[in-house]
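One structure below.
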Amino acid sequence: VQLQASGGGLVQAGGSLRLSCSASGGTFRSYVMGWFRQAPGKEREFVAAISWSGDSTYYADSVKGRFTISRDNAKNTVDLQMNSLKPEDTAVYYCAAAVFTIVSFPKKCSDYHEYTYWGQGTLVTVSS
């Protein structure tokens, strides 16, 4: 499956951005989708994940209450709504797709090693 992320940009602290990831070439609803980010000089870190139907979501503590992940299986898209942005949210954001079981999803969805397919990344810069 091919993933294409978009929606990054420059925003002031406290502002909002909406990232979108479009998938093609696979059966979108069969994948768990995740968003990860990587700041300069830091390791890639988990942001959010969403189950196949969208009824289960997980968030990193650092973004809980500010970010919302959603998916539209009819359009093969997964979005990340980011509100109350902080300078520490500055990073390249990646969408990713993984094959999980119902048992493994909650345990492993935050581990980027478990994701097989990755988008190219979109840069989010939050100014103070």
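- Legend: residues meeting ring-ring contact (aromatic ring centres under 6.0 Å, His included) with Y59, ordered by chain and number and at least two apart, are absent.
- Hydrophobic cluster membership differs between F36 and I50, with clusters built from Ile, Leu, Val, Met, Phe, Trp and Tyr side chains linked at under 4.5 angstrom.
- The CD atom of Q4 sits 7.5 Å away from atom OG of S22, with the distance rounded to the nearest 0.5 Å.
- Listed by first then second residue, pairs satisfying salt bridge (charged side-chain N to carboxylate O under 4.0 Å, His left out) with a partner in residues 20-32 number zero, not counting sequence neighbours.
- Taking the ring-ring contact (aromatic ring centres under 6.0 Å, His included) definition, one finds that Y58 meets it with F105, sequence neighbours left out.
- Between F67 and L85, the closest side-chain pair of non-hydrogen atoms falls below 4.5 Å.
- Here K42 pairs with nothing under the salt bridge (Lys or Arg N to Asp or Glu O under 4.0 Å) rule; sequence neighbours left out.
- The line from CH2 of W52 to CD1 of I102 is 5.5 Å long, rounded to the nearest 0.5 Å.
- Here the CG atom belonging to L3 is positioned 11.5 Å from the OG1 atom belonging to T77, to the nearest 0.5 angstrom.
- Side-chain heavy atoms closer than 4.5 Å link hydrophobic residues (I, L, V, M, F, W, Y) into clusters, and following such links, possibly through other members, connects L80 to V1.
- The side chain to side chain donor-acceptor pair (under 3.5 Å) test applied to T57 returns no partner, not counting sequence neighbours.
- Applying the side chain to side chain contact (heavy atoms under 4.5 Å, CB included) rule to V124 yields the partners L17, L19, M82, Y93, V126; only residues at least two apart in sequence or on another chain are considered.
- Sequence neighbours left out, not one pair with a member in residues 118-128 passes salt bridge (charged side-chain N to carboxylate O under 4.0 Å, His left out).
- Sequence neighbours left out, the pairs with a member in residues 10-26 that pass salt bridge (charged side-chain N to carboxylate O under 4.0 Å, His left out) are R18-D79.
- Contacts classified as salt bridge (charged side-chain N to carboxylate O under 4.0 Å, His left out) and involving residues 85-110 (residues at least two apart or in different chains) are given here: R37-D89, R66-D89.
- Summarising the geometry, atom CD1 belonging to I69 is positioned 11.5 Å from atom OG belonging to S56; distances are rounded to the nearest 0.5 Å.
- Taking CG of N73 as the start and CE of M33 as the end, the distance is 10.0 Å to the nearest 0.5 Å.
- Considering every non-hydrogen atom in both F28 and A23, the closest pair reads CD1-CB, 3.4 Å.
- Evaluation of the disulfide (SG to SG under 2.5 Å) rule for C109 yields no partner, not counting sequence neighbours.
- Sorted by first then second residue, the side chain to side chain donor-acceptor pair (under 3.5 Å) pairs that include residues 109-128, not counting sequence neighbours, are D111-H113.
- No continuous path of hydrophobic side-chain contacts links V47 to V92 [ILVMFWY only; heavy atoms under 4.5 Å].
- Evaluation of the side chain to side chain contact (heavy atoms under 4.5 Å, CB included) rule for D55 yields S51, S53 as partners, not counting sequence neighbours.
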